[in-house]
Amino acid sequence: MTWYVSRRFLQLIPVFLGATLLVYFLVFSLPGDATAAICGERGCTPAVVTALREQYNLDEPFWIQYLLYLKGVLTFDLGTNFSGRPIAVIIAEVFPTTAKLAVMALIFEAIFGIVFGLIAGLRKGKLFDSTVLVLSLVVIAVPIFVLGFLMQFLIGVKLGWTNPTVSGDATVSELILPAVVLGLVSFAYVLRLTRTSILENVKADYVRTATAKGLSRKRVVVVHILRNSMIPVVTFLGADLGTLMGGAIVTEGIFNVNGVGLTLYRAVLNGDGPTVVSIVTFLILIFCLANLLVDLLYAWLDPRIRYA
Amino acid sequence: MSSTLGNDGITEVRSTPSEVRPLLELKDLAITFDTANGEVPAVRNAHLTVMPGETVAIVGESGSGKSTTALAAIGLLPGNGRVSGGSILFDGEDITNASEKRIVELRGSSIGMVPQDPMSNLNPVWKIGFQVKETLRANGLPYSTQDVAKVLSEAGLPDAESRANQYPHEFSGGMRQRALIAIGLSCRPRLLIADEPTSALDVTVQRQILDHLDRMTDELGTAVLLITHDLGLAAERAHKVIVMYKGQVVEAGPALELLTNPRHPYTQKLVASAPSIASRRIESAKKLGVATDDLLAPSAEKSDSKDKVIEVKDLTKVFKIRGSWGRSTDFTAVDNVSFSIARGTTTAVVGESGSGKSTVARMVLGLETATAGDIRFDGVDITTLGRKELFNFRRRVQPIFQDPYGSLDPMYNIYRTIEEPLRVHGIGNAKSREKKVRELLDQVALPSSMMQRFPNELSGGQRQRVAIARALALDPEVVICDEAVSALDVLVQAQILNLLADLQAELGLSYLFITHDLAVVRQIADHVAVMEKGKLVEQGSTDEVFDSPKTAYTQSLLAAIPGAGLVLPPEAA
């Protein structure tokens, strides 16, 4: 087990190198001069341009630039963005908001998805099941920005239950609405996945045996059906956590959440290479860690899986 | 051979005092299933009585309603099934429409169950001990670690205390079945429903488990409702046998009486074709006018002729098993095995699961490479064949696999399934291939109207016929049957074995028959090779091996055939 986990951590090294190299190369290949983005409309004097090119090593060949960047990362210096702020500070500033939003969205989709899916699965073909199935299909089919604006308008503006947009502090109560919107599509998938999985397990021989042992229906459902049905659902949720942590450009945009997604989006628009590379690398590492977590959870849920 | 067998059983049934109340009584029971095509009756007018402490067996083929009948007694019908008529009395109490609460009370503590397939009936994510413990707990019994260990060791599980901490996948099939028996009997039920409790196990394990079950239920005075497709097994274990056919009880009576004097035509057929009772070789060649003396001693005469179609010499297969830290250990699945198949005869390789018999088949088919030794087909070593030669070799040696459900592509209709090998080998044109497919279907006694059907529309026996037709499409010389009839019901099994024997006589085929079922071997093989743990422990002509087995292992295999101990008057078999 220890060996398995350390091997998985070692695997992060090539992933990290490959990801940074690829992203760095993509940013490097962007057309146009990076200094133009910094100087903006009015332009800078040639002396300033030279100084900037010096500061960001823009005159060096690609490999030297990349290695210099790597050296910075390994000494915990992510460099500064084009406005001169340290990138590490920017990430530290926006990531907590995104993490909070992601975890809230995950909790929402997990709880509601599993509970609704369980009930639907146990009452296959009944009214609840059909209603939930149709609604989940609607949620999956309608684009997220439509749902987002609709809910912002109804709940935030018309009913006034919460602020339509999120303030700089991003308090938990403000984030509820964006978290629901963010988790809505995954909620529909979790629901359907749970339902299918429950339907499969209800018919399993060991469920019949458990019933024949004299267990109550409740215990059969919770102990023998639900746990076995959770295996595919947990896989999905774990992968989703990684995605959610990457921030949601659309949802963060609608609700004006100052999170990773929005920051990354702005950096791409500004051609702010160092910021883009650092944030993307950071997100890739988070994604890998989330996947490791899923694999460990998987082994806990299903004892037949053992890592060595 | 068994303490519960025979005359004692019959006298016990007859001498039961009339004031003793039956433990379980099914009266005119009818069960229907609601399907997309409307109501389908599964069981009609089923009558059944189990007295306290008595063992009653329900025998029938799959789909006969035997399991459905038994499951109805503890309210375990699948979601779309329901009792549509008649009544179920347990110890005098009418539980036909009992409340969910009452049924939950009865389950486990009054009526226990041992299910059919030990592989799928234990929840894979919970420890064995936990699954025993929750049974005790749900039925209000003490459930400490010692109690759990005691229950498990009673069922014959060695080292129960530490075993309780293991998961089902760490148990062998036999051990799982012991755990399931432990669970079924843990709360000392008065009635135990045993639904094909050993049909998924090897014969020797099956025998141990059934003996143990017999002893335990005897000691505890538990009545047993045994459901089985094996008439021999039913007769050996039960006082009373009930035969079900197409949802109806067609015959019921004391076990031996029913075997020796079956009245209903279906029972007569069942008795005649029960592999464990019938012991003669299928004699289809006679009908085709082959000289009788040739038939009587096929192996003796042909084996000393030089015409060996397949010769296996010193065949060895070593698998590498991945261990921790990247180390690997060697596992010898097949160890120095030599045998040969004379042209036009059948050689059976017998053994329990894990004996390496299927690995031998895979190597002879060229699907697995041998680690050492050689396999000669018509004098040519197949291990040295190139790609093209291998392709031609495959044409002459064709397989039929066990699972008639898994070995046909569900997306291919029957025509396409049988035609595919012809197309792959570029034989004939579309028209001649269609003609060939028609011929093949005719050979396996399927109507040509079947060509447009899909595998899911066919019964298990029909599918196996399609698989045979596919194997014969390329006019092979050798057909390798890997457990080709073990998934089939006895009657269907007998039909398929007859078909294979007919085809052998007609086309001069040679068979390599891989099976765990000695009863089947006796019916089809000329020559038998017995394998144990990768080694070939005994071989000889079928009569030699059956009449005078040399090794203890073969003897134990023979003794374990259900019904082997029954002595029947010859006219019954």
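Numbered from 1 within each chain, the chains take letters A, B, ... in sequence-line order. Keep in mind that this is a model prediction, so the values were computed, not measured. Note that these values count all heavy atoms, side chains included, but never hydrogens, waters or copies made by symmetry.
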Task: Residues from residues 123-137 of chain B approaching chain A under 4.5 Å (heavy atoms) - done: B/Asn123, B/Pro124, B/Val125, B/Trp126, B/Phe130, B/Gln131, B/Glu134, B/Thr135
Open item on the list: For the OH atom on A/Tyr24, are there more than 12 heavy atoms of other groups (residues, nucleotides or ligands in this structure) within a distance under 6.0 Å?
Closed with: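 Result for OH/A/Tyr24: enclosed.
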Task: Ring-face cation contact, B/Phe171 with B/Arg163, 6.0 Å cut, 45° max - done: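 The answer is yes, since B/Arg163 meets both limits relative to B/Phe171.
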Task: Salt bridge B/Asp34-B/Arg82, side-chain N to carboxylate O under 4.0 Å - done: yes
Task: Contact check, side chains of B/Pro115 and A/Asp205, non-hydrogen atoms, under 4.5 Å - done: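 In short, these two side chains do not touch, never coming nearer than 4.5 Å.
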If I measure from the heavy atoms of chain A, does [X] come under 4.5 Å with its side chain, its backbone, both, or neither?
X        : result
B/Leu180 : side chain
B/Ile111 : backbone
B/Ile183 : side chain
B/Ser109 : neither

Toward chain B, the part of [X] with a non-hydrogen atom under 4.5 Å:
X        : answer
A/Ala204 : neither
A/Val207 : neither
A/Arg227 : side chain

- [ ] Anything under 30° is parallel, anything over 60° is perpendicular, the rest tilted; go ahead and classify A/Phe187 against A/Phe108.
- [x] tilted
Task: Aromatic ring pairing A/Phe282/A/Phe95, orientation class (parallel under 30°, perpendicular over 60°, tilted between) - done: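 The arrangement is perpendicular - the two ring planes meet at more than 60°.
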